[in-house]
Amino acid sequence: MRKGKAGERVSFPLGVLRLAALRAKGEAAFDKQVARAIDKAGWAGRGRGLPFFLVGGSWRALARLDMELTGYPLPIIHGYEMNAETVARLRRTAEQEPKSRLRAIPGLSSGRIPTLGDAAAILSLLMRELGSTGTMVSSYGLREGLLYEELDAATRAEDPLIVAARDEGRRSGRWPEHGDLLDTWLAPLFDRDSSGAARLRHAACQLADVGWRANPEFRAERGVEIALHGNWVAIDAAGRAQVAQALHASLGGGATALDPIPRLLGKERIDRATAWGLAIRLGQRLSGGLAGPLQRSRLSADASTVTLHLAAEDRALYGETVERRHAALAGVLGRKASLAV
């Protein structure tokens with residue numbers, strides 16, 4: 001795939017159900033057969049610098065096994081990455097570990113267990129011949145690819161994470177379209193964010209109101225659950241954790257980070273997400289879900305202050321709660337709060 005379009009393609013007689021018979025001829029013969037097939041297709045070395053996407057139940061089962069072995073804190077298959085050394089280790093484990101131990105792994109299909117060793121063996125060889133050093137697991141397959149081909153160009157160009165987060169915000173929140181407005185309003189405060197970070201911040205803004213139906217004591221936890229466990233694509237585990245931390249802060253959880261966020265994310269990104277969340281929290285309280293107050297106000301920052309600029313007609317909105325949230329945002333950024341009317 002390049003830019004969403006399928007290029008060269010070929011089918012090899014190397015499906016997992018064939019592999020046991022092929023490997024029975026000896027590992028040297030098996031290696032040679034795979035290498036010959038790749039070379040004949042003109043694909044030798046073509047994977048250098050590119051991820052090898054894993055589609056299919058047997059390879060997804062390998063990822064599930066690796067998550068169990070490493071104690072991975074967020075067992076979501078889609079987007080999970082493994083390198084060549086990991087695949088080689090999984091091959092040894094799948095072939096040597098007692099089947100009873102493998103059957104005890106949550107989410108690992110018992111029907112896949114007999115073929116795990118073969119799946120790891122062919123994956124190792126394909127990575128070697130293609131020159132790929134890393135893999136990325138896909139929960140999707142041929143059906144989704146065919147559906148994607150039917151989309152018009154404008155729809156294909158949309159960011160799937162932002163589209164999904166916006167849809168969730170519309171269904172679960174109280175204020176449709178408020179997420180885009182919030183992101184525009186607080187963006188000047190975070191103008192040094194990379195494009196990737198800005199994208200995650202935008203997603204957090206879209207999801208900012210998803211906790212309102214929960215008990216007030218558990219709204220922050222609800223936000224974390226949606227960000228970490230939602231059916232999102234085009235986001236990795238660390239990205240999920242950063243959105244989760246932003247929602248946790250925006251929904252009243254403060255600067256603390258719930259498990260497994262600290263196991264997925266470094267302190268710098270946790271702190272940045274907390275600042276996003278506190279800015280969202282300020283914007284929601286100031287606006288009460290209305291567009292006008294955000295459109296008439298703005299945020300700015302210098303070396304010592306975070307200034308909220310309000311229109312004169314909105315001065316009364318700066319009550320005790322808004323003032324407190326303004327101070328909390330300024331504090332987490334190492335500055336003092338300032339009001340300009």
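Residue numbers run from 1 in the order of the sequence given.
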| said: Could you tell me if the side chain of His178 sits less than 4.5 Å from the side chain of Asp209, heavy atoms only? | reply: no
Check: Does Glu320 come within less than 4.0 Å of Arg324, counting only side-chain N to carboxylate O?
Finding: yes
**Asked** Within the distance-only criterion (no hydrogens, no angle test), does the side chain of Arg296 pair as donor or acceptor with the backbone N or O of Ala311 below 3.5 angstrom?
**Response** no
Self-check item: Backbone N/O of Leu264 and side chain of Arg240: donor-acceptor pair under 3.5 Å
Solution: no
Q.
Quick check on the hydrophobic clustering: are Val163 and Ile226 connected, directly or via other members, by side-chain heavy-atom contacts under 4.5 Å?
A. no
- Query: Cluster question for you: counting only ILVMFWY and a side-chain heavy-atom cut-off of under 4.5 Å, with indirect links fine, are Trp185 and Leu278 together?
  - Reply: yes
key: Heavy-atom side-chain contact between Glu68 and Leu108 under 4.5 Å   = no
Rounded to the nearest 0.5 angstrom, the CZ-CD1 distance for Arg46 and Ile38 is 11.0 Å
side-chain contact (heavy atoms from CB on, under 4.5 Å) assessment of Lys336 paired with Ser304 = CA-CA 6 Å; Lys336 293 183 179 181; Ser304 59; over 6 Å; no
Answer yes or no: is there a donor N or O on one side and an acceptor on the other, between the side chain of Arg60 and the main chain of Ser138, under 3.5 Å?
yes
Note: Ala165 and Leu207 closest approach over all heavy atoms is O-CD2, 3.6 Å
Exercise for the section: State whether the side chain of Thr93 and the backbone N or O of Arg89 hold a donor-acceptor pair below 3.5 Å, judged by distance alone. Expected result: yes
Donor-acceptor pair, distance only, cut-off 3.5 Å: does the side chain of Arg103 make one with the backbone of Arg101? no
### Message
Has Asp39 got a side-chain atom pairing as donor or acceptor with Ala44's backbone, closer than 3.5 angstrom?
### Response
no
In this structure, CZ of Arg335 is separated from OG1 of Thr307 (nearest 0.5 Å) by 10.0 Å
Side-chain contact, heavy-atom cut-off 4.5 Å: Lys99 with Ser110?
-> no
- Task: Kindly indicate whether the side chain of Leu282, heavy atoms from C-beta on, has any atom under 4.5 Å from the side chain of Leu299.
- Result: yes
Separation between CD1 (Ile270) and CG (Leu265), nearest 0.5 Å, reads 5.0 Å
d(Thr115 OG1, Leu19 CG) to nearest 0.5 Å is 8.5 Å
Are Arg156 and Asp152 ion-paired here, with the side-chain N under 4.0 Å from a carboxylate O?
no
Problem set entry | Arg18/Asp118 ion pair, N-O < 4.0 Å | no
Steps toward side-chain hydrogen bond (donor to acceptor under 3.5 Å, both in side chains) verdict (Tyr318, His326): CA-CA 9 Å; Tyr318 198 77; His326 184 191; 2.8 Å; yes
*Give a yes or no answer on whether the side chain of Arg269 reaches the backbone of Ala241 with a donor-acceptor pair at less than 3.5 Å.*
no
CE of Met67 to CD1 of Ile76, rounded to nearest 0.5 Å, is 8.0 Å
For Arg91, is there an ion pair with Glu27 - N to carboxylate O distance below 4.0 angstrom? yes
Is it true that the NZ or CZ of Arg201 lies under 6.0 Å from the centre of Phe190's six-membered ring and within 45 degrees of the ring axis?
-> no
For Phe30 and Ala121 the tightest heavy-atom approach is CE2-CB, 4.3 Å
Ser58 side chain near Leu116 side chain, heavy-atom distance below 4.5 Å: no
So does Phe218 have more than 12 non-hydrogen atoms from other groups sitting under 6.0 Å from CZ? no
Q) Donor-acceptor pair, Arg48 side chain versus Gly131 backbone, under 3.5 Å? A) no
Quick check: do Tyr140 and Val55 have side-chain heavy atoms less than 4.5 Å from each other? no
For this session: Please indicate whether Arg171 has more than 12 foreign heavy atoms, meaning atoms of other residues, nucleotides or ligands, lying under 6.0 Å from its CZ.
Result: yes
message = So that I can tick it off, tell me whether Arg170 and Glu177 are bridged by a salt bridge, with the cut-off set at under 4.0 angstrom between side-chain N and carboxylate O.
response = yes
- Message: With a 4.5 Å cut-off on side-chain heavy-atom distances among I, L, V, M, F, W and Y, is there a chain of contacts connecting Val233 to Met136?
- Response: no
| task | Go through the side-chain N and O atoms of Asp302 and Thr305 and say whether any donor and acceptor fall under 3.5 Å apart. | result | yes
Here the pair of heavy atoms bringing Gly47 nearest to Ser132 is O-OG, 3.4 Å
Would Val224 and Leu247 satisfy side-chain contact (heavy atoms from CB on, under 4.5 Å), going step by step from the backbone distance to the final call?
CA-CA 6 Å; Val224 170; Leu247 295 183; 5.9 Å; no
Check whether the side chains of Asp236 and Tyr80 place a donor and an acceptor atom closer than 3.5 Å, and report yes or no.
no
Checking Ser172 against Glu168: is there a side-chain donor and acceptor pair closer than 3.5 Å?
yes
**Item:** Contact check, side chains of Thr133 and Asn83, non-hydrogen atoms, under 4.5 Å
**Value:** no
Here the pair of heavy atoms bringing Pro114 nearest to Gly111 is CD-O, 3.6 Å
Practice problem: Mark yes when over 12 heavy atoms from residues, nucleotides or ligands other than Asn215 sit less than 6.0 Å from its CG; otherwise mark no. | Solution: yes
Q | Step-by-step side-chain hydrogen bond (donor to acceptor under 3.5 Å, both in side chains) determination, Gln245 to Thr274 | A | CA-CA 6 Å; Gln245 179 61 20; Thr274 299; 2.9 Å; yes
| message | With a 4.0 Å cut-off on N to O distance, would you call Lys267 and Asp271 a salt bridge? | response | yes
Sub-4.5 Å side-chain heavy-atom contact between Glu81 and Thr135:
no
Please walk me through it: do Arg315 and Leu339 pass side-chain contact (heavy atoms from CB on, under 4.5 Å)? CA-CA 10 Å; Arg315 177 62 180 84; Leu339 177 66; 3.8 Å; yes
| request: Could you tell me whether the side chain of His78 and the main chain of Ser139 form a donor-acceptor pair under 3.5 Å? | output: yes
Notebook entry, point to check: According to a 4.5 Å side-chain heavy-atom criterion applied to Ile, Leu, Val, Met, Phe, Trp and Tyr, with indirect links allowed, do Val210 and Leu228 form part of one hydrophobic cluster?
Noted result: no
Checklist entry - Is the distance between the ring centroids of Trp59 and Phe53 under 6.0 Å? => result no
Notebook entry, point to check: Under 3.5 Å, is there a donor-acceptor pair between the Asp180 and His202 side chains?
Noted result: yes
All heavy atoms of Pro262 vs all of Ala257, minimum pair found to be CG-O, 3.8 Å
Between Met82 and Val137, the two heavy atoms sitting closest are CE-CG2, 4.5 Å
Exercise. Under 4.0 Å between a Lys/Arg side-chain N and an Asp/Glu carboxylate O for Glu95 and Arg23?
Worked result: yes
Using distance alone, with no hydrogens and no angle criterion, decide if Ser250 and Gln284 have a side-chain donor and acceptor under 3.5 Å apart.
no
So CG of Leu251 and CD1 of Ile280: to nearest 0.5 Å the spacing works out to 8.5 Å
For side-chain contact (heavy atoms from CB on, under 4.5 Å), just list the numbers for Val34 and Leu14, CA-CA rounded to whole Å, side-chain angles, deciding distance to a tenth of an Å, and then say yes or no. CA-CA 8 Å; Val34 173; Leu14 299 171; 4.3 Å; yes
Between Phe12 and Leu22, is there a shared hydrophobic cluster once you connect ILVMFWY residues whose side-chain heavy atoms come closer than 4.5 Å?
yes
